[in-house]
Amino acid sequence: MTQVILGGLDGERTWRLAEYVQRGGYEALRKVLSDMTPEQVIDEIKRSALRGRGGAGFPTGLKWTFMPKNYQGEKYIVCNSDEGEPGTFKDRDILRYNPHALIEGMIIAAYAMGTSRGYNYIHAEIWSTYLRCEEALEEAREAGFLGRNILGSGFSFELFNHHGYGAYICGEETALLESLEGKKGQPRYKPPFPANYGLYGKPTTINNTETFASVPWIIRNGGEAFLELGKPNNGGTKIFSVSGHVTRPGNYEVRLGTPFAQLLEMAGGMRGGRRIKAVIPGGSSMPVLPGELMMQTDMDYDAIAKAGSMLGSGAVIVMDETTCMVRALERLSYFYHEESCGQCTPCREGTGWLYRIVNRIEHGKGRAEDLDLLLSLSDNIQGRTICALGDAAAMPVRSFVNHFRSEFEHHITHKRCLVNAPQRQEKVA
């Protein structure tokens, strides 16, 4: 594995400031404050082709230019460490084992965008990790990396951790801002976008944990070096959270453009020697792909898009030949139905409708017209909601039905599962 974010973290106390400094920590911050202008920092991030690691894959350097330069008043940067996407567990490992990389990355970003205050919004269910991040902030303050007049440069920046409350919708950036302000976590209408009207109505830039944590390496080694780790338009490394029917589930940091077959081999291959059936390459909200197609696909934004899915947050969910695709979709549809904030009608009503149809197919009550109805419903939900949760519910449904339609048809026609019917009969007997 290539060592950029998680690499080199083999010690027992890798999260401590002393360990981080030994690995070159805060050298990038010193370089930025002594030798670089904010514009030069942003140009270096642009050269790196670093794309947002939270799901959308938007170019980070370009996003930083949206922050108004001559705005008179407070501006903010916010880290989205909510990580509520099923299948994703990379950001919590960054916070747990390498929190100073995130802190340094946010300080550099603050300098580049002219902000003096930032917040790290951390998912509710990782309390011990939140406490460790609090310890890291205190270490950084005591060492002079946070606070007023950082390293005697005249630049001041303060950073705070904020403990969220576990709602999936708060992974959407404007719902996160609402929650951060102490309100109900519901998405805002856009425009205006956060760069113009964000936290407390002020200009705000939001990036993912892995995105910010990549910044120090880029500044230390140069944007070109980071770009060369990946491929054009897909700079650097990416942490993939591999789960499901593999021998060694876990986080694997590899170069963007690494073949999926190689990533699967790193994870020990298919558990029990079974055949691969399907893969969700970017988290549960992304379209599923047949296993045979994934075995011929590279792990980067463009290659996955060409195959018909999205790289998303990098949560690689692997399913073997024993998986019932109807049951898998039923579970996913239930999740998005439960997590809908209920603010807009297509999502509030549509996600429940999708779940109920898939549920009746799974339980032997499906109708011949249900599959076309599922596709029609998905078309009428996707792109018609305030935020992307509607898309997150619709895209899996469409892809599951399109790629594995015969399995759904068998459920409807025979009132039982094509994959697990013998096992189920034995259990009943």
Side-chain angles (χ1 to χ4, degrees), residues 38-39 41-42 45-46 50-85 91 102-103 105-124 133 137 146 155-215 313 341 343-344 385-389 391-392:
E39 291 76 18
V41 174
I42 293 176
I45 300 302
K46 285 182 177 179
L50 172 65
R51 297 172 63 168
R53 302 303 200 228
F58 192 83
T60 303
L62 178 60
K63 188 173 188 178
W64 288 9
T65 65
F66 296 160
M67 187 76 90
K69 294 181 180 179
N70 300 318
Y71 181 84
Q72 298 299 314
E74 190 72 83
K75 296 187 290 186
Y76 300 99
I77 61 169
V78 175
C79 180
N80 185 347
S81 295
D82 187 66
E83 196 174 40
E85 180 79 2
D91 291 341
L102 168 65
I103 294 170
M106 291 191 71
I107 301 169
I108 293 171
Y111 173 79
M113 289 179 276
T115 67
S116 61
R117 188 173 294 260
Y119 295 90
N120 182 20
Y121 188 99
I122 301 176
H123 189 64
C133 289
L137 285 184
L146 276 177
F155 172 67
S156 300
F157 176 71
E158 191 53 85
L159 178 59
F160 303 93
N161 292 313
H162 180 88
H163 198 228
Y165 291 95
Y168 174 80
I169 194 63
C170 288
E172 196 279 334
E173 59 181 18
T174 61
L176 183 154
L177 293 178
E178 289 287 292
S179 176
L180 195 53
E181 292 178 5
K183 303 173 186 175
K184 184 178 182 179
Q186 289 188 322
R188 298 173 181 174
Y189 286 94
K190 293 181 285 189
F193 294 93
N196 298 114
Y197 187 91
L199 185 63
Y200 304 120
K202 306 296 183 180
T204 304
T205 295
I206 307 166
N207 281 122
N208 169 259
T209 312
E210 185 183 356
T211 309
F212 279 127
S214 301
V215 170
S313 60
C341 75
Q343 186 177 186
C344 55
T385 53
I386 296 172
C387 79
L389 192 144
D391 295 2

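Quick note: residue numbers are just sequence positions, from 1. Values below: every heavy atom of this structure, side chains too, minus hydrogens, waters and symmetry copies.
Taking every heavy atom of both residues into account, C341 and G185 meet most closely at CB-O, 4.4 Å. Between Y189 and Q343 the shortest heavy-atom distance is CE1-OE1, 4.4 Å. Nearest heavy atom pair, residue G118 against residue F157, reads N-CE1, 3.5 Å. Nearest approach of A195 to P68, heavy atoms of both residues: O-CD, 3.3 Å. A pairwise comparison of heavy atoms in G198 and E181 identifies O-OE2, 3.7 Å as the closest pair. Residues G61 and I42 approach most closely at O-CG2, 3.7 Å, considering heavy atoms.
The closest side-chain heavy-atom distance from C133 to I122 is below 4.5 Å. Side-chain contact between T205 and T115: absent, with no pair of heavy atoms (C-beta onward) separated by less than 4.5 Å. Residues H123 and D91 fail the side-chain proximity criterion, which asks for heavy atoms closer than 4.5 Å. Proximity of I107 to L159: side-chain heavy atoms (C-beta onward) are nowhere separated by under 4.5 Å. With a 4.5 Å cut-off on side-chain heavy atoms, E85 and Y168 count as touching. Side-chain atoms of Y197 and R188, non-hydrogen and from C-beta on, do get closer than 4.5 Å to each other. Proximity of T209 to E83: side-chain heavy atoms (C-beta onward) are nowhere separated by under 4.5 Å. Between F160 and R117, some side-chain heavy-atom pair lies under the 4.5 Å cut-off.
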Start with the C-alpha distance between L177 and E173, add both sets of side-chain angles, then the distance that settles side chain to side chain contact (heavy atoms under 4.5 Å, CB included), and finish with yes or no. CA-CA 6 Å; L177 293 178; E173 59 181 18; 5.7 Å; no
Determine, stepwise, if the pair H163 / Y121 fulfils side chain to side chain contact (heavy atoms under 4.5 Å, CB included). CA-CA 6 Å; H163 198 228; Y121 188 99; over 6 Å; no
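Here the CD1 atom belonging to I206 is positioned 11.0 Å from the CD1 atom belonging to I77, to the nearest 0.5 angstrom. Interatomic distance, I108 CD1 to W64 CH2, rounded to the nearest 0.5 Å: 7.5 Å. The CD1 atom of I103 sits 4.5 Å away from atom CG of L137, with the distance rounded to the nearest 0.5 Å. Here T204 contributes atom OG1 and E74 contributes atom CD; the two are 9.5 Å apart, rounded to the nearest 0.5 Å. In this structure, K63 NZ and F58 CZ are separated by 8.0 Å, a value rounded to the nearest 0.5 Å.
A side-chain donor-acceptor contact under 3.5 Å links N120 and N161. Between the side chains of T174 and E172, at least one donor N or O lies within less than 3.5 Å of an accepting N or O.
For F155, the CZ atom sits in a packed shell: over 12 heavy atoms of surrounding residues, nucleotides or ligands are nearer than 6.0 Å. For K190, the NZ atom counts as densely surrounded, since its 6.0 Å shell holds more than 12 non-hydrogen atoms of other residues, nucleotides or ligands.
Counting only distance, with no hydrogens or angles, the side chain of S214 and the backbone of E210 share a donor-acceptor pair below 3.5 Å. Of the possible donor and acceptor atoms, one in the side chain of K75 sits under 3.5 Å from a partner among the backbone N and O of M113. In this structure, the side chain of E178 does not engage the main chain of K183 through any donor-acceptor pair within 3.5 Å.
Of the residues N208, T60, N80, the one that meets the side-chain contact (heavy atoms from CB on, under 4.5 Å) test with R53 is N208.
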